[in-house]
Number of protein chains: 2
Amino acid sequence: MPIKQNIKIAVDAIVFGYSDNTLYVLLVRQKYGELKKTWVLPGGFVKDEESLTDAVNRELHEEAGIKVNYLEQLYTFGDDIKRDHRGRVVSVAYFGLVNPKELKLIADTDAEDAQWFPVDAIPKLGYDHKDMINLAKERLKSKLTYQPIGFDLLEHEFLFSDLENLYTTILETGIDRRNFRKKILSFDLLEETDRISSSGSGRPARYFKFNKKKYQKLSKEGFYFEIKLV
Amino acid sequence: MPIKQNIKIAVDAIVFGYSDNTLYVLLVRQKYGELKKTWVLPGGFVKDEESLTDAVNRELHEEAGIKVNYLEQLYTFGDDIKRDHRGRVVSVAYFGLVNPKELKLIADTDAEDAQWFPVDAIPKLGYDHKDMINLAKERLKSKLTYQPIGFDLLEHEFLFSDLENLYTTILETGIDRRNFRKKILSFDLLEETDRISSSGSGRPARYFKFNKKKYQKLSKEGFYFEIKLV
DNA sequence: TCAAAAGTGTTGAGTTTACACCCATGC
DNA sequence: GCATGGGTGTAAACTCAACACTTTTGA
């Protein structure tokens with residue numbers, strides 16, 4: 001190619017996990033350079049022969065040993081030409097979700113260089129990663145209301161109260177339990193299981209699972225999932 | 001930076017214009033190289049010292065002499081590592097809208113190297129530009145229903161029938177004139193002008209304008225523009 | 001006076017919201 | 001038997017969808 005260009009291209013991932021009424025973001029400690037030991041989003045430079053998606057998954061694997069449940073492109077950060085102190089770097093940010101199992105995997109390993117932070121207790125971050133997280137939070141909030149994305153943050157089988165808490169914590173809003181259940185059930189996308197919570201206290205609850213296949217089918221036929229919450 | 005990377009970064013723009021019940025896309029003729037004379041989207045490599053947005057606007061100016069009314073980032077194409085035959089190129093695609101004045105500007109100049117094509121009469125394009133256009137069409141359709149973006153495709157002052165036709169042509173759907181007008185007016189974002197169409201035939205109609213300021217204000221306060229059309 | 005497009009209300013259906021009590025279990 | 005969380009129905013308010021005739025102009 002006859003062109004000279006001195007811009008590097010990177011990917012970064014904002015990965016959310018949810019557990020015990022808390023939304024978490026995955027951060028890693030920068031290993032080298034000026035920002036050594038600063039917390040940053042997992043990510044790095046794209047290799048010449050790999051796709052952007054592969055780059056994200058590779059970085060997540062290398063830096064955090066994690067595999068996401070859901071991944072989509074979020075936004076490409078390239079308007080601030082000084083966003084990276086090392087030179088011009090354009091970063092394609094991805095938005096990912098993991099289920100609680102993956103979350104615990106890291107939480108349990110006491111790897112010091114990859115950790116989950118509650119979204120409202122994020123340490124000072126390098127680069128423009130705070131902006132990325134904010135944008136991803138917005139995306140998560142809005143997607144929750146028009147795509148059945150919440151299920152990717154829960155176990156395969158979950159209680160209605162789990163789902164309800166997930167919505168209330170992430171959207172920071174109240175929910176009418178009856179209306180919520182009615183609405184969700186009206187989609188006919190949940191399946192009752194035989195499993196009943198071996199409860200802590202209170203009346204035992206039934207586990208449900210989300211029928212993703214059915215959703216994908218209906219979705220192609222023009223079905224829209226939608227949960228309005230004030 | 002200690003890293004070696006041989007990836008170039010480009011921007012491409014899918015710019016829509018609307019006139020006489022037709023939706024148009026702006027294309028330019030490739031000037032050099034293997035694809036010389038093929039129609040492609042306006043775009044090109046990003047310069048080291050310019051932001052992505054600046055790059056798009058510059059290319060639009062250079063290649064088509066045009067200024068867009070609305071511009072937003074669409075998607076970054078970088079998963080197919082052979083999407084550009086010249087080498088690895090990641091392209092950040094932008095989505096833009098122009099009003100009819102800008103559209104006519106080029107249509108009138110008989111510049112052979114920048115032309116508007118009706119979206120359902122797009123010639124064979126280079127690279128993956130057809131995919132980009134398809135994605136942009138989807139974005140346009142969905143945005144029309146939840147953001148007052150259609151006004152950016154119309155003159156500053158427009159007739160209700162213009163707006164109605166815009167929605168029907170782009171969304172390829174029917175509209176109940178009464179319900180549509182009722183809905184749009186209920187937002188209280190349009191202002192009547194004194195101007196009356198010096199009509200062709202039929203009863204003269206009144207011109208309206210969109211109060212963008214008011215929309216932006218309401219928008220911050222949690223107002224959502226929404227037009228549901230089957 | 002006819003053709004062409006603009007303008008205008010009402011009703012029924014469906015959806016959303018608000019709201020409170022009983023149920024099943026563990027301790 | 002009491003504390004804890006789970007599960008359930010109904011009525012009023014609102015929003016949406018369907019529907020057709022009158023008005024104003026130019027030819």
Side-chain angles (χ1 to χ4, degrees), chain A residues 19-22 144-146 154-155 157-169 171 173-209 218 222-230, chain B residues 19-21 144-146 154-155 157-169 171-209 218 222-230:
Chain A
S19 173
D20 300 305
N21 299 347
T22 313
L144 265 188
T145 69
Y146 67 89
L154 293 176
E155 309 270 7
E157 301 190 345
F158 54 86
L159 306 173
F160 241 101
S161 53
D162 293 335
L163 190 62
E164 200 186 306
N165 288 331
L166 185 141
Y167 272 83
T168 50
T169 31
L171 298 179
T173 176
I175 283 187
D176 179 298
R177 188 151 34 106
R178 274 177 291 192
N179 293 339
F180 182 73
R181 190 182 180 112
K182 225 184 304 174
K183 182 74 180 172
I184 298 272
L185 288 177
S186 76
F187 296 137
D188 205 22
L189 288 170
L190 293 198
E191 284 168 14
E192 273 190 21
T193 67
D194 296 333
R195 204 169 138 221
I196 302 284
S197 70
S198 47
S199 57
S201 89
R203 176 173 172 177
R206 184 175 292 277
Y207 281 92
F208 287 82
K209 41 185 186 178
L218 287 176
F223 164 81
Y224 291 100
F225 178 94
E226 185 169 27
I227 309 274
K228 282 192 196 144
L229 294 173
V230 186
Chain B
S19 173
D20 300 306
N21 299 346
L144 265 188
T145 69
Y146 67 88
L154 294 175
E155 309 270 7
E157 300 190 346
F158 54 87
L159 306 172
F160 241 101
S161 54
D162 293 334
L163 190 62
E164 200 186 307
N165 288 330
L166 185 141
Y167 271 83
T168 51
T169 35
L171 298 179
E172 299 170 289
T173 177
I175 284 187
D176 179 297
R177 188 149 34 104
R178 275 176 290 193
N179 291 340
F180 181 72
R181 190 183 179 110
K182 223 184 307 175
K183 183 74 182 173
I184 298 273
L185 288 178
S186 76
F187 296 138
D188 203 23
L189 289 170
L190 294 197
E191 284 168 13
E192 273 190 21
T193 68
D194 295 333
R195 202 169 139 221
I196 303 287
S197 71
S198 46
S199 57
S201 90
R203 173 173 174 176
R206 181 176 293 279
Y207 282 93
F208 288 82
K209 40 186 186 176
L218 287 176
F223 164 81
Y224 289 101
F225 178 94
E226 185 169 25
I227 309 274
K228 281 192 196 144
L229 294 173
V230 185

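To find a chain, count down the sequence lines: A is the first, B the second, and so on, and within it residues start at 1.
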Legend entry - Contacts of type side-chain hydrogen bond (donor to acceptor under 3.5 Å, both in side chains), residue Asp188(A), not counting sequence neighbours: Lys214(A)
Separation of [X] atom [atom1] from [N] atom [atom2], in whole Å?
X	N	atom1	atom2	value
Phe180(A)	dT8(D)	CZ	P	15 Å
Asn21(A)	dG5(D)	CG	C1'	13 Å
Tyr224(A)	dT15(C)	OH	C1'	19 Å
Lys228(A)	dT17(C)	NZ	P	7 Å
Ile175(A)	dA18(C)	CD1	P	13 Å
Glu226(B)	dT15(C)	CD	C1'	14 Å
Phe187(B)	dT15(D)	CZ	C1'	12 Å
Asp176(A)	dC21(C)	CG	P	15 Å

Inset, instruction - Please tell me which of the listed nucleotides, dG7(C), dC16(D), dG7(D), lies nearest to the side chain of Lys183(B)? - result: dC16(D)
Nearest 0.5 Å, what's the [atom1]-[atom2] distance between [X] and [Y]?
X	Y	atom1	atom2	result
Thr145(B)	Glu226(B)	OG1	CD	6.5 Å
Ile227(B)	Leu171(B)	CD1	CG	10.0 Å
Asn21(B)	Asn165(B)	CG	CG	4.5 Å
Ser161(B)	Leu166(B)	OG	CG	11.0 Å

Inset, instruction - State whether Arg181(A) places a side-chain N or O below 4.0 Å from either non-bridging phosphate oxygen (OP1 or OP2) of dG7(D). - result: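 The answer is yes; a side-chain N or O of Arg181(A) sits under 4.0 Å from OP1 or OP2.
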Inset, instruction - Would you confirm whether Thr22(A), through its side chain, and Asp20(A), through its main-chain N or O, come within 3.5 Å as a donor-acceptor pair? - result: yes
Atom pairs and distances, donor-acceptor, side-chain atoms in residues 177-185 of chain A, under 3.5 Å, two or more places apart:
{"unit_1": "Asn179(A)", "atom_1": "OD1", "unit_2": "Lys182(A)", "atom_2": "NZ", "d": "3.2"}

Tabulated below should be each protein N or O lying under 3.5 Å from an N or O of nucleotides 24-27 of chain D; please produce it.
{"unit_1": "dT24(D)", "atom_1": "O2", "unit_2": "Arg203(B)", "atom_2": "N", "d": "3.3"}

Legend entry - Non-hydrogen side-chain atoms of Leu144(B) and Leu229(B) separated by less than 4.5 Å: no
Legend entry - Check: Phe158(B) and Phe208(B) side chains under 4.5 Å, non-hydrogen atoms: yes
Legend entry - Candidate pair Phe160(A) and Leu190(A), rule side-chain contact (heavy atoms from CB on, under 4.5 Å), full reasoning: CA-CA 10 Å; Phe160(A) 241 101; Leu190(A) 293 198; 4.0 Å; yes
Within the sub-3.5 Å range, which N or O atoms of nucleotides 10-14 of chain C have a protein N or O partner, and how far apart are they?
{"unit_1": "dT10(C)", "atom_1": "O4", "unit_2": "Lys182(B)", "atom_2": "NZ", "d": "2.8"}

Inset, instruction - Kindly give the heavy-atom pair with the smallest separation between Pro204(A) and Ile196(A), and that separation in Å. - result: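 Looks like CB-CG2, 3.5 Å.
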Legend entry - For Glu157(B), side chain to side chain contact (heavy atoms under 4.5 Å, CB included) partners two or more places apart: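 Scan of Glu157(B) (side chain to side chain contact (heavy atoms under 4.5 Å, CB included), adjacent residues dropped) gives Thr193(B), Arg195(B), Tyr207(B), Lys209(B).
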Legend entry - Donor-acceptor pair under 3.5 Å, Arg177(A) side chain vs dG7(D) base: yes
Inset, instruction - Record whether the side chain of Arg178(B) comes under 3.5 Å of the base of dA20(D) through a donor-acceptor pair of N or O atoms. - result: yes
Inset, instruction - Taking only heavy atoms on the protein side, list every residue of residues 159-167 of chain A lying under 4.0 Å from any atom of DNA chain D, sorted numerically. - result: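 Ser161(A), in order of number.
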